[in-house]
A.B. asks: 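Provided herewith is a single structure, encoded as structure tokens, for subsequent inquiry.
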2 protein chains.
Amino acid sequence: MDSLAALQQLVPELEDFLERRYTLLKVIRNLAPVGRRQLATQVGSSERIIRAELDLLRDQGLVVTSSVGVSLSPQGELVLSSLQSMVREFHDLEYLEQTLAQALGVGRMIIVPGDADVDPGGKRDLALATVRFLQDTLRDGDILAVTGGTTLSKVAESFPAPEFTGRVTVVPVRGGLGEDVKIQANSIAARFAEGLGGSYRLLHAPEDVLPCYVEQILSEPRIRDVIALGRRANVLLHGIGTAEEMAKRRGFDEEIIMKLIAEGAVGEAFGCYFDARGNIVYNTTSIGLRLEDLEKIPLVVTVGGGRSKAWAVMSVLSRGYCDVCITDEGVARRLMTLKEIR
Amino acid sequence: MDSLAALQQLVPELEDFLERRYTLLKVIRNLAPVGRRQLATQVGSSERIIRAELDLLRDQGLVVTSSVGVSLSPQGELVLSSLQSMVREFHDLEYLEQTLAQALGVGRMIIVPGDADVDPGGKRDLALATVRFLQDTLRDGDILAVTGGTTLSKVAESFPAPEFTGRVTVVPVRGGLGEDVKIQANSIAARFAEGLGGSYRLLHAPEDVLPCYVEQILSEPRIRDVIALGRRANVLLHGIGTAEEMAKRRGFDEEIIMKLIAEGAVGEAFGCYFDARGNIVYNTTSIGLRLEDLEKIPLVVTVGGGRSKAWAVMSVLSRGYCDVCITDEGVARRLMTLKEIR
DNA sequence: CCCCGTCGGGACAATTTTGATCCCGGAGCA
DNA sequence: TGCTCCGGGATCAAAATTGTCCCGACGGGG
């Protein structure tokens with residue numbers, strides 16, 4: 001019997017303590033410096049109880065308080081990172097990873113604790129996990145293809161000080177979409193290249209075009225070259241969108257959105273809308289990588305978190321081309337119930 | 001940073017919980033089946049608090065209650081044994097072992113949690129650790145020399161069902177002393193042989209004799225042979241007595257006892273009384289192994305626990321012939337202060 | 001320069017949890 | 001058959017936890 005399991009059985013209240021303080025430390029790290037009241041609303045607890053916890057954490061030397069609020073001490077950072085594996089164990093994340101990888105036919109699942117829908121810090125953890133995975137995976141000379149979206153944008157912001165000396169070429173494989181420059185594949189590619197210490201290309205094209213113009217755009221040499229480079233990528237990193245959200249971002253009419261949903265569309269990737277089983281419900285004529293291109297890419301990595309994306313994740317993974325899926329506990333637990341496991 | 005250390009820092013109350021429940025489980029194991037009130041007096045806590053703990057332990061499935069009292073469930077046994085290493089870590093026993101081994105010039109220290117003076121179960125743990133050590137150490141054909149005393153008697157009682165198939169010869173190396181048959185070296189040798197699955201010899205001689213009779217007794221062939229066999233032992237296991245206790249057991253006059261103590265005698269072994277530095281203060285003319293014989297024995301193992309024996313342990317270890325010392329936390333912590341470490 | 005929001009810390013009553021102590025019916029034992 | 005010890009229930013006082021204010025201080029923005 002594992003001694004940690006034994007401890008858990010002998011001291012069941014440990015889980016509550018660990019959970020509470022661990023999330024508190026995480027929130028403090030995300031918002032530091034921060035005050036009691038703000039913390040209380042963040043973690044959904046009363047001010048007084050937060051105060052008690054803070055007093056204890058201060059006595060333990062894990063946080064420091066100043067007139068502007070409370071922050072993590074170096075010791076606190078250390079404890080937080082040391083406890084990651086233990087929290088994973090308490091949440092049974094290894095079990096979730098293996099079970100879901102098998103159930104969904106994905107090569108590998110990486111699940112981070114938390115839920116991006118509930119905890120604002122969740123997206124950050126997801127992004128950090130993705131960065132870590134990329135740094136462990138990418139090798140000199142690799143070509144990394146990236147898409148757009150808020151999730152990947154968050155990843156792009158999460159690279160630590162550039163120390164990675166690899167020479168990676170980052171290629172955007174989606175055109176421009178919407179108004180926010182930060183979530184464009186081009187911007188993301190640039191920040192990835194900066195963070196990874198490599199170079200990047202730009203895809204000067206819109207995401208959606210009328211079918212009759214596709215030919216014309218693709219005949220543009222610069223665009224064609226970049227797309228061709230994307231097809232030769234070693235690694236593809238792409239986000240997952242809910243069908244509704246992506247439809248809105250594309251500026252679809254209410255009517256069409258309703259029709260999509262009525263037909264069962266729940267997820268979107270590369271301009272295709274999928275139902276829960278992974279069938280294509282609707283297909284836009286989009287510039288960039290196509291679904292069929294994915295089979296030639298050796299390593300396809302999918303990122304997405306927040307329980308509201310559970311259906312979308314399931315639909316996209318059901319297509320079967322995904323090698324690695326990085327998501328969070330919120331999605332994972334909902335997937336377990338959707339797949340009727342246990 | 002070790003994740004257990006991090007956990008301890010983030011959840012400091014864990015130590016209290018663990019300590020309380022662990023000792024409670026241990027006491028239950030020792031006394032099962034046992035009632036609340038008896039438990040309360042044993043662990044020095046109130047009845048009500050014991051009740052609360054028992055309710056929780058029952059919910060966790062670690063104990064079972066019947067009309068005759070509460071006992072450990074199989075699950076409880078499992079948890080107890082799984083948690084041993086963690087308790088050792090919480091008490092820093094590894095650190096104590098290494099530090100004291102170095103400070104006292106002993107090859108190896110083995111320290112079990114608890115204090116035999118306070119916790120009645122402490123002696124049992126000490127005995128079990130000794131048994132385990134012997135089973136791990138003894139090989140076919142070894143000669144094991146044993147002395148008498150309450151501690152070794154407890155060890156003798158703690159052998160599990162005989163499964164060890166080695167052929168060990170157990171030799172008593174002390175004569176008869178006092179009235180209690182159970183603590184005689186002869187009885188102990190017999191039970192050791194039974195527990196280890198070997199044979200034993202008997203030493204038919206008193207412990208203390210007048211000097212003029214020593215020659216005569218040693219001329220007896222059976223006695224001489226057994227003593228000679230003891231001198232050739234591979235392993236010697238001997239207990240440690242406080243000077244006062246051993247003097248009383250020998251039936252010394254109050255006057256002589258006072259004189260011994262005045263001269264600084266604190267420990268006794270093999271008929272010699274030592275002061276704190278290991279100097280011989282008084283020497284009885286005793287039958288059996290002599291102090292000078294110990295140097296020829298490859299492995300000398302010393303056992304003794306209960307903080308009242310700390311001085312005795314220190315004095316005996318100061319002689320320098322001890323290879324392995326098995327003791328408990330009560331002694332170890334007092335030794336740390338006596339040696340002025342930290 | 002001052003105002004305003006938020007900060008940490010102090011104070012205090014309300015509430016919940018905890019602790020000590022009986023009591024009772026029942027099971028084993030002599 | 002009486003006696004002792006068992007678990008479980010009940011009660012009440014003490015202690016802790018918790019919710020809610022208030023205060024002076026600091027800092028950023030108007």
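Chain naming here is simple, since letters A, B, ... match the order of the sequence lines and numbering starts at 1 in each.
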A.B. asks: Rounded to the nearest angstrom, tell me the gap between atom CG in B:Asp55 and atom P in D:dA10.
C.D. replies: 14 Å
A.B. asks: Please identify each residue that fulfils side-chain contact (heavy atoms from CB on, under 4.5 Å) with B:Thr41, with sequence neighbours left out.
C.D. replies: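 Once residues adjacent in sequence are excluded, B:Thr41 has no partner under the side-chain contact (heavy atoms from CB on, under 4.5 Å) criterion.
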A.B. asks: To the nearest Å, how far apart are B:Ile50 CD1 and D:dG7 P?
C.D. replies: 11 Å
A.B. asks: Under the side chain to side chain donor-acceptor pair (under 3.5 Å) definition, can you give me all pairs with a residue in residues 48-64 of chain A, not counting sequence neighbours?
C.D. replies: A:Arg20-A:Glu53, A:Arg21-A:Glu53, A:Asp55-A:Arg58
A.B. asks: State which residues pass ring pair (Phe, Tyr, Trp, His ring centres under 6.0 Å) with B:Tyr22; sequence neighbours excluded, sorted by chain then number.
C.D. replies: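 Not a single residue meets the ring pair (Phe, Tyr, Trp, His ring centres under 6.0 Å) criterion with B:Tyr22.
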A.B. asks: Nearest-Å distance, CG (B:Leu57) to P (D:dG8)?
C.D. replies: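 B:Leu57 atom CG is separated from D:dG8 atom P by 13 Å.
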A.B. asks: Taking side chain to side chain donor-acceptor pair (under 3.5 Å) as the cut-off, I'd like each qualifying pair that reaches into residues 63-87 of chain B, sequence neighbours left out, listed once.
C.D. replies: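 For residues 63-87 of chain B: A:Gln9-B:Gln75.
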A.B. asks: When the side chains of residues 121-134 of chain B are checked against the rest of the protein, which donor-acceptor pairs come out under 3.5 Å, sequence neighbours left out?
C.D. replies:
residue, atom, partner, partner atom, Å
B:Arg124, NE, B:Asn30, OD1, 3.4
B:Arg124, NH1, B:Asn30, OD1, 3.3
B:Asp125, OD2, B:Lys26, NZ, 2.9
B:Thr130, OG1, B:Leu126, O, 2.8

A.B. asks: Please evaluate residues A:Arg334 and A:Glu329 with respect to the criterion salt bridge (charged side-chain N to carboxylate O under 4.0 Å, His left out), reporting the C-alpha separation (whole Å), side-chain torsions for both, the decisive distance (0.1 Å), and the verdict.
C.D. replies: CA-CA 8 Å; A:Arg334 185 168 279 194; A:Glu329 201 181 341; over 6 Å; no
A.B. asks: Quick one: bend of the helix from C:dC1-D:dG30 to C:dA30-D:dT1 from 5 pairs per end, to 10°?
C.D. replies: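 So the angle between the two local helix axes works out to 20°.
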A.B. asks: Round to a whole Å and report the spacing from CD of B:Glu13 to P of C:dT18.
C.D. replies: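 In whole Å, C:dT18 P and B:Glu13 CD are 13 Å from each other.
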A.B. asks: Strictly under 4.0 angstrom, non-hydrogen atoms only: write out the protein contact profile of nucleotides 13-30 of chain D, one letter per nucleotide from the 5' end, B, S or -.
C.D. replies: -----BBBBB---S----
A.B. asks: Taking only side-chain N and O atoms of A:Gln38, does any of them lie within less than 4.0 angstrom of OP1 or OP2 on C:dG5?
C.D. replies: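 For A:Gln38, the contact criterion (side-chain N or O under 4.0 Å from OP1 or OP2 of C:dG5) is not met.
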A.B. asks: According to the salt bridge (charged side-chain N to carboxylate O under 4.0 Å, His left out) rule, which pairs have a member within residues 63-74 of chain A, sequence neighbours left out?
C.D. replies: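 Checked against salt bridge (charged side-chain N to carboxylate O under 4.0 Å, His left out) - neighbours excluded - no pair reaches residues 63-74 of chain A.
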A.B. asks: Considering residues at least two apart in sequence or located in another chain, which fulfil the side chain to side chain donor-acceptor pair (under 3.5 Å) criterion with A:Glu94?
C.D. replies: none
